[in-house]
Amino acid sequence: MPRRQWNKSVADNWGLFLPPARPSFSELAKIEEILLAYRAKKSTARVAILGSTPEYRDLFFTLNIPHACIDFSRENFETLSQFLLHKNPP
């Protein structure tokens, strides 16, 4: 049986990873630029995040863009939540 590449130890050690394993500031800035341009035309946006990447969750929170995380593991979602700058709403 193949071993999963993404397991809880990756989530536990998220703070040790650097780009390209996690989003860079320039990638986040580009995503923000694209979303703001989209919202200028459409006025609303919603985002689905494949995984629980805290940098994306913080960005969308900051931009007040509704988002949903689609992760295969609730445990990864909860573990990565400790790296959020803006905590999940209760």
Side-chain angles (χ1 to χ4, degrees):
M1 178 179 209
R3 194 171 150 234
R4 277 194 175 174
Q5 180 179 357
W6 237 104
N7 57 43
K8 187 172 179 318
S9 69
V10 174
D12 286 333
N13 293 300
W14 189 251
L16 301 176
F17 291 96
L18 300 171
R22 61 193 288 187
S24 68
F25 292 121
S26 61
E27 289 171 319
L28 293 169
K30 188 63 177 175
I31 292 168
E32 179 177 2
E33 178 186 322
I34 292 167
L35 284 171
L36 291 175
Y38 177 84
R39 250 194 351 201
K41 293 178 185 176
K42 298 283 186 178
S43 78
T44 61
R46 293 183 304 174
V47 175
I49 302 170
L50 299 179
S52 299
T53 307
E55 292 84 356
Y56 295 146
R57 293 160 63 188
D58 279 330
L59 174 63
F60 303 137
F61 177 88
T62 302
L63 297 175
N64 197 29
I65 294 176
H67 57 281
C69 294
I70 304 166
D71 202 318
F72 69 88
S73 167
R74 177 75 184 177
E75 188 176 34
N76 284 342
F77 175 84
E78 291 169 358
T79 300
L80 287 168
S81 292
Q82 70 182 322
F83 295 98
L84 291 170
L85 299 176
H86 307 284
K87 299 300 177 196
N88 294 315

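Just so it is clear, the structure is predicted and the values come from calculations on it, not from any experiment. Index from 1, following the sequence. All values below were derived from every heavy atom in this structure, side-chain atoms included, with hydrogens, water molecules and symmetry-related copies excluded.
- No more than 12 heavy atoms of other residues, nucleotides or ligands shown are found within 6.0 angstrom of CG on Asn64.
- Leu84 and Leu59 are assigned to two separate hydrophobic clusters, defined by single-linkage of ILVMFWY side chains at heavy-atom distances under 4.5 Å.
- Side-chain atoms of Phe61 and Leu85, non-hydrogen and from C-beta on, never get closer than 4.5 Å to each other.
- In this structure, Lys30 pairs ionically with Glu33, as a charged nitrogen and a carboxylate oxygen lie closer than 4.0 Å.
- Considering all non-hydrogen atoms of both residues, Phe60 and Leu35 come closest at CE2-CD1, 3.2 Å.
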Could you walk me through whether Arg57 and Phe83 pass the side-chain contact (heavy atoms from CB on, under 4.5 Å) test, one step at a time?
-> CA-CA 10 Å; Arg57 293 160 63 188; Phe83 295 98; over 6 Å; no
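- To the nearest 0.5 Å, atoms CG (Leu50) and CD1 (Ile70) are separated by 5.5 Å.
- The closest donor-acceptor contact from the side chain of Arg39 to the backbone of Ala45 lies at 3.5 Å or more, if one exists at all.
- The side-chain contact (heavy atoms from CB on, under 4.5 Å) with Glu55 is formed by just one residue from the set Leu80, Ile31, Leu28; it is Leu28.
- Residue Leu63 holds its CG atom at 5.0 Å from CD of Glu32, rounded to the nearest 0.5 Å.
- For Phe17, the CZ atom sits in a packed shell: over 12 heavy atoms of surrounding residues, nucleotides or ligands are nearer than 6.0 Å.
- We find the CG-NE2 distance between Asp58 and His67 to be 8.0 Å, quoted to the nearest 0.5 Å.
- Glu27 approaches Arg22 most closely through the heavy-atom pair OE1-O, 4.1 Å.
- The two residues Asn76 and Ala11 make their nearest non-hydrogen contact at OD1-CB, 3.7 Å.
- Closest heavy-atom contact between Ser52 and Asp71: OG-OD2, 2.6 Å.
- Taking OG1 of Thr44 as the reference point, atom OH of Tyr38 lies at 6.0 Å (rounded to 0.5 Å).
- In this structure, Thr79 and Trp14 have side chains that are not in contact, with every pair of non-hydrogen atoms separated by 4.5 Å or more.
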